[in-house]
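Here is the structure we will look at, set down as structure tokens.
Side-chain atoms are counted along with the backbone in the values below, which use heavy atoms only and exclude waters and symmetry mates. Count residues from 1 along the sequence. Worth saying up front: this structure is predicted, and the values here are computed from it rather than measured.
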Amino acid sequence: MTGVESAVGRGAGAGPVLLGVRHHGPGSARAVRAALEEVRPRVVLIEGPSEADALIPLAADEEMRPPVALLAHAVDEPGRSAFWPLAGFSPEWVAIRWALDHDVPARFIDLPATHTLAWGSKEDEEAPEGEHPPEPGRAADGDTGPGPAGLRIDPLRVLAETAGYDDPERWWEDVVEHRGAGEGDALAPFTALEEAMGALRETYGSGGHDRDLVREAYMRLQVRSAQREFDDRVAVVCGAWHVPALRRKTTVAADKALLKGLPKVKTDLTWVPWTHRRLSRSSGYGAGIDSPGWYGHLFSAPDRPVERWLTKVAGLLRAEDRIVSSAHVIEAVRLAETLAAMRGRPLPGLSETTDAVRAVMCEGSDVPLELVRDRLVVGDVLGEVPPSAPAVPLQRDLARLQRRLRLKPEALERELELDLRKENDAARSRLLHRLLLLGIAWGEPAASRGSAGTFRETWRLRWEPELSVRIAEAGVWGTTVLSAATAKAETDAVTAQGLADVTALAEHCLLAELPGALPPVMRILAERAALDTDVGHLAQALPALVRSLRYGDVRGTDTGALAEVAAGLAERVFVGLPPACAALDADAAEEMRRHVDAVHQAVGLLGDAPAAGHRRVRGRWQSVLRVLSGRDTVPGVIRGRAVRLLLDDGELAHDEAALLMGLVLSPGTPPADAAAWIEGFVGGGSGGGLLLVHDERLLGLVDAWLTGVPAEAFTDVLPLLRRTFSAYEPGVRRTLGELVRRGPGAGGGATAAGAGTPGFAADLDLVRAEAVLPVVRLLLGLDDVHENTDNDLAGVTG
């Protein structure tokens with residue numbers, strides 16, 4: 001015979017035993033194990049990249065726990081990569097484990113990754129827009145076949161529709177998962193599946209898809225070689241779609257001709273952890289199963305799977321404080337079995353158990369049912385790979401740091417609160433920031449639910465398998481996380497597009513504590529700042545620099561050079577801001593108003609820096625604000641904001657602020673300009689609503705101006721005023737409405753003695769103040785709520 005043409009299971013001399021499987025199918029996995037026990041081959045051939053043979057012995061390591069994946073990546077371009085994932089219920093994994101347990105050689109026989117990666121890149125470039133070749137690894141049944149029009153079909157879906165099913169998962173459960181591994185003949189399931197796939201290949205052929213033809217040619221050559229070496233006692237575990245092609249008669253010359261001239265790229269392979277979530281089609285990787293958690297359960301609990309599954313569900317719901325008793329479990333089992341009988345199924349499947357859980361345990365609600373799907377049906381199981389597995393030096397250093405810092409990768413997203421005053425937490429923060437700089441987004445910063453100070457950080461951590469590729473890519477920068485992050489930061493500083501990018505990088509260097517990268521980054525920052533004349537760019541860059549000073553303080557970093565650059569940058573902003581604010585349209589004025597806010601906040605912090613104090617930064621900035629508040633050429637929104645900032649800093653008395661507002665709101669000012677001034681003064685999230693509530697004189701000025709706006713101009717200023725006042729909280733808007741309805745108090749409101757307005761008076765009401773002090777002390781967490789109340793009152797009145 002010139003081809004692989006033997007019948008299934010004929011024994012030595014009759015040809016290889018071809019075990020066609022569904023990748024990640026627990027029924028196929030059980031059937032493979034039973035078939036190997038019956039056939040007892042001398043070698044097991046498995047679909048997978050042939051260079052990975054050296055990695056097979058690692059599967060016997062006690063620290064290797066599926067799900068795992070073979071990762072192949074191009075040495076010179078690590079981002080070009082492919083995964084071959086294997087779960088504990090994958091037939092390939094079962095075959096590997098059986099071979100290792102019985103001292104039988106196991107080999108991968110699929111097309112080498114050196115061709116797969118090179119060829120995949122070529123197809124990506126040549127594919128029409130919107131069409132791309134399938135990702136190397138697994139597809140719907142492990143491998144789908146192309147249809148007559150060149151479209152790739154799902155063999156399981158075609159077979160399910162032929163049998164009258166609308167769900168291929170349900171058809172697979174009925175004909176494979178719930179039927180056992182073959183009664184009396186362990187090879188019977190493979191014979192039936194081979195016949196079905198043979199009929200499909202006769203109908204659909206290969207569709208002219210070169211990749212399938214080439215892969216199958218390579219596998220045929222590998223099978224022939226194994227036959228010669230092991231006297232035909234060969235077992236092959238591959239996707240069922242390939243079995244008819246491996247059975248087909250071909251010549252060695254024809255197969256070699258298909259392999260001639262394949263592109264190559266130098267590759268490295270290793271094992272990496274994988275997750276059940278990444279085996280799910282919904283996660284973006286076409287592994288062919290919607291419910292890896294359910295399939296894992298079917299494989300690990302072949303006896304009474306429904307009862308055991310519903311017990312798991314009950315435990316999960318109880319952990320979420322839902323009332324689920326043993327009676328609920330018993331009733332759910334009965335309902336699932338009844339549904340299976342009504343639907344003509346041999347045993348309850350996932351759809352029946354899900355319907356039973358919804359009706360009995362979730363009271364018809366899909367909300368807790370979604371939790372069951374996320375935690376159990378899909379699951380967050382994360383595999384483990386032994387330290388002896390091949391890895392780039394950067395991966396080994398990261399693993400060492402993870403162990404030292406007790407920061408274990410997990411598939412389930414979790415929040416991590418860090419107190420930077422603690423040594424271990426500070427080291428964790430440095431590691432996560434360095435990884436972010438390298439593009440390895442294991443953790444993402446989140447808003448802290450506790451203190452908003454610089455001593456606390458909150459991270460959301462979640463380990464994704466794709467991070468293994470990011471680590472391989474980052475390996476070009478260095479052999480350790482510190483050296484790689486340092487080299488990456490220096491390169492990013494050189495290639496940064498704008499000044500704000502460099503300042504953000506300087507901030508990141510302080511967060512990640514990269515003392516080696518900070519000097520070159522600061523040198524480039526100083527050069528860029530000296531050459532950049534755009535005040536907007538300078539204003540965008542300053543806040544990040546000032547934040548860096550605070551981060552450096554909490555981390556004990558020397559930020560003297562940074563403070564000098566920040567002070568110099570601030571001085572250039574002060575000089576260039578007034579001219580830059582002249583003659584701006586509405587959009588540009590609003591953008592510049594945001595820059596003014598950011599600079600004001602930065603100056604508030606920069607003025608406390610030792611290196612900047614002698615420059616009297618605060619005084620210079622307040623002078624700039626006074627210039628902005630008084631120039632007619634400056635847009636109203638900026639003038640109004642300048643007045644408000646001076647008022648908040650105590651540099652402008654209420655009387656003076658009221659005078660400026662009165663001048664702006666006089667009849668000679670165009671209504672649009674006056675509305676813009678009001679927007680700058682009390683809008684933009686500045687707390688202006690409370691200012692109007694507590695200063696009725698200002699509120700009276702706004703009210704008097706608004707009632708005097710001519711009808712023809714009112715429609716023009718209404719959108720701006722609506723935007724200003726709609727940003728206030730409901731309680732503030734309600735109070736303002738009540739004050740306007742009542743009218744301003746006698747004598748001008750809050751500032752007038754004896755105004756007679758409820759809540760406003762010239763002097764402090766000590767009795768009312770004393771009543772709230774215990775509650776304030778309790779909220780602030782002070783030790784003694786009732787002690788020193790008189791001292792507090794004295795401090796308030798003083």
Handout entry: Val17 side chain reached by Leu36 side chain, heavy atoms, under 4.5 Å
Key = no
Exercise for the section: Determine, stepwise, if the pair Leu159 / Met197 fulfils side-chain contact (heavy atoms from CB on, under 4.5 Å). Expected result: CA-CA 9 Å; Leu159 293 175; Met197 290 298 171; 4.2 Å; yes
Practice task
Could you tell me whether a side-chain N or O of Thr203 sits under 3.5 Å from a main-chain N or O of Ala199, the two making a donor and an acceptor?
Solution key: yes
Problem - Non-hydrogen side-chain atoms of Thr267 and Val75 separated by less than 4.5 Å - result: no
Practice task
State whether Arg215 and Glu47 are salt-bridged, where the test is any N-O pair (Lys NZ or Arg NE/NH1/NH2 against Asp/Glu carboxylate O) under 4.0 Å.
Solution key: yes
Practice task
Could you tell me how the ring of Phe89 sits relative to the ring of Tyr295: parallel (under 30°), tilted (30 to 60°) or perpendicular (over 60°)?
Solution key: perpendicular
Problem - Arg304, CZ: over 12 other non-hydrogen atoms inside 6.0 angstrom - result: no
Practice task
Go through the side-chain N and O atoms of Trp98 and Glu37 and say whether any donor and acceptor fall under 3.5 Å apart.
Solution key: yes
Practice task
Report the C-alpha separation of Glu464 and Arg462 in whole Å, then their side-chain angles, then the decisive distance to 0.1 Å, and conclude whether the side-chain contact (heavy atoms from CB on, under 4.5 Å) test is met.
Solution key: CA-CA 6 Å; Glu464 298 286 4; Arg462 183 170 185 165; 3.3 Å; yes
Problem - Under 3.5 Å donor-acceptor, Asp231 side chain and Arg233 backbone - result: no
Practice task
Considering only NZ, NE, NH1 and NH2 on the basic side and carboxylate oxygens on the acidic side, decide whether Arg201 and Glu216 come within less than 4.0 Å.
Solution key: yes
Exercise for the section: Answer with yes or no whether the side chains of Arg345 and Ser351 bring together a donor and an acceptor at under 3.5 Å. Expected result: yes
Practice task
With rounding to the nearest 0.5 Å, note down the distance linking CZ in Arg224 to CG in Leu246.
Solution key: 10.0 Å
Practice task
May I ask you to decide if the ring planes of Trp274 and Phe83 are parallel, tilted or perpendicular, using 30° and 60° as cut-offs?
Solution key: tilted
Completion exercise
Interatomic distance, CG@Leu438 vs CZ@Arg470, rounded to 0.5 Å, equals 12.0 Å
Exercise for the section: Ignoring hydrogens and angles, state whether a donor on the side chain of Arg107 or Ser50 is under 3.5 Å from an acceptor on the partner side chain. Expected result: no
Practice task
Grab the two heavy atoms, one from Leu71 and one from Ser468, that are nearest each other, plus how far apart they are.
Solution key: CD2-CB, 4.0 Å
Practice task
Side-chain contact test, heavy atoms from C-beta onward, threshold under 4.5 Å: evaluate it for Arg343 versus Glu352 and give yes or no.
Solution key: yes
Exercise for the section: Count the heavy atoms of every other residue, nucleotide or ligand shown that sit under 6.0 Å from CG of Asp76, and state whether that count exceeds 12. Expected result: no
Problem - Ser291 and Val378, any side-chain heavy atoms less than 4.5 Å apart - result: no
Practice task
Report yes if some heavy atom in the side chain of His73 is under 4.5 Å from a heavy atom in the side chain of Val469; otherwise report no.
Solution key: no
Problem - Gap separating the CG atom of Leu58 from the CH2 atom of Trp271, nearest 0.5 angstrom - result: 8.0 Å
Practice task
Tell me, with the steps shown, if Val372 and Leu316 meet side-chain contact (heavy atoms from CB on, under 4.5 Å).
Solution key: CA-CA 7 Å; Val372 173; Leu316 172 64; 4.3 Å; yes
Problem - Backbone of Ala95 reached by a side-chain donor or acceptor of Arg33 within 3.5 Å - result: no
Exercise for the section: For residues Glu307 and Glu337, determine if any side-chain heavy atom of one lies less than 4.5 Å from a side-chain heavy atom of the other. Expected result: yes
Fill in the blank from the handout: Rounding to 0.5 Å, atoms CG (Leu262) and CG (Leu111) come to a distance of 6.0 Å
Problem - Rounded distance (nearest 0.5 Å) linking atom CG of Leu412 with atom CG of Leu461 - result: 11.0 Å
Exercise for the section: Begin from the C-alpha positions of Glu229 and Arg42 and carry the test salt bridge (Lys or Arg N to Asp or Glu O under 4.0 Å) through to its verdict. Expected result: CA-CA 10 Å; Glu229 184 178 355; Arg42 292 181 58 191; over 6 Å; no
Problem - Non-hydrogen side-chain atoms of Pro91 and His23 separated by less than 4.5 Å - result: no
Fill in the blank from the handout: To the nearest 0.5 Å, atom CD of Glu466 lies from atom CZ of Arg278 at 4.0 Å
Handout entry: Short N-O contact, Arg40 and Glu38, less than 4.0 angstrom
Key = no
Problem - Backbone N/O of His24 and side chain of Ser28: donor-acceptor pair under 3.5 Å - result: no
Handout entry: Thr251 side chain vs Ala254 backbone, donor-acceptor pair below 3.5 Å
Key = yes
Exercise for the section: Looking only at non-hydrogen atoms, find the nearest pair between Gly383 and Pro273 and report the distance. Expected result: O-CB, 3.3 Å
Exercise for the section: Grab the two heavy atoms, one from Ala240 and one from Leu193, that are nearest each other, plus how far apart they are. Expected result: CB-CD2, 3.7 Å
Exercise for the section: Could you pull out all residues at least two apart from Lys264 that satisfy side-chain contact (heavy atoms from CB on, under 4.5 Å)? Expected result: Thr114, His115
Practice task
Decide yes or no for Trp442 and Gln402: does some side-chain heavy atom of the first lie under 4.5 Å from some side-chain heavy atom of the second?
Solution key: yes
Exercise for the section: Using modelled atom types only, decide if a donor and an acceptor are shared between the side chain of Glu195 and the backbone of Ala192 within a distance under 3.5 Å. Expected result: no
Practice task
Look at the side chain of Arg396 and the backbone N and O of Pro387, then say whether any donor-acceptor pair between them is shorter than 3.5 Å.
Solution key: yes
Handout entry: Stepwise side-chain contact (heavy atoms from CB on, under 4.5 Å) check, Ile109 with Ile46
Key = CA-CA 6 Å; Ile109 61 169; Ile46 302 165; over 6 Å; no
Completion exercise
Between Gly88 and Phe299, the two heavy atoms sitting closest are O-CE2, 3.3 Å
Exercise for the section: Using atom types as modelled and distance alone, determine if a side-chain donor or acceptor of Thr353 lies under 3.5 Å from a backbone N or O of Leu350. Expected result: yes
Exercise for the section: Kindly say whether Val481 contributes a backbone atom to a donor-acceptor pair with the side chain of Asp397 at under 3.5 angstrom? Expected result: yes
Fill in the blank from the handout: Nearest heavy-atom contact between Thr275 and Trp463 is CG2-O, 4.5 Å
Practice task
Report the residues that fulfil ring-ring contact (aromatic ring centres under 6.0 Å, His included) with Phe108, sequence neighbours left out, ordered by chain and then residue number.
Solution key: none
Practice task
Identify the two heavy atoms, one from Ser81 and one from Leu117, that lie closest to each other, and give their separation to 0.1 Å.
Solution key: C-CD2, 3.6 Å
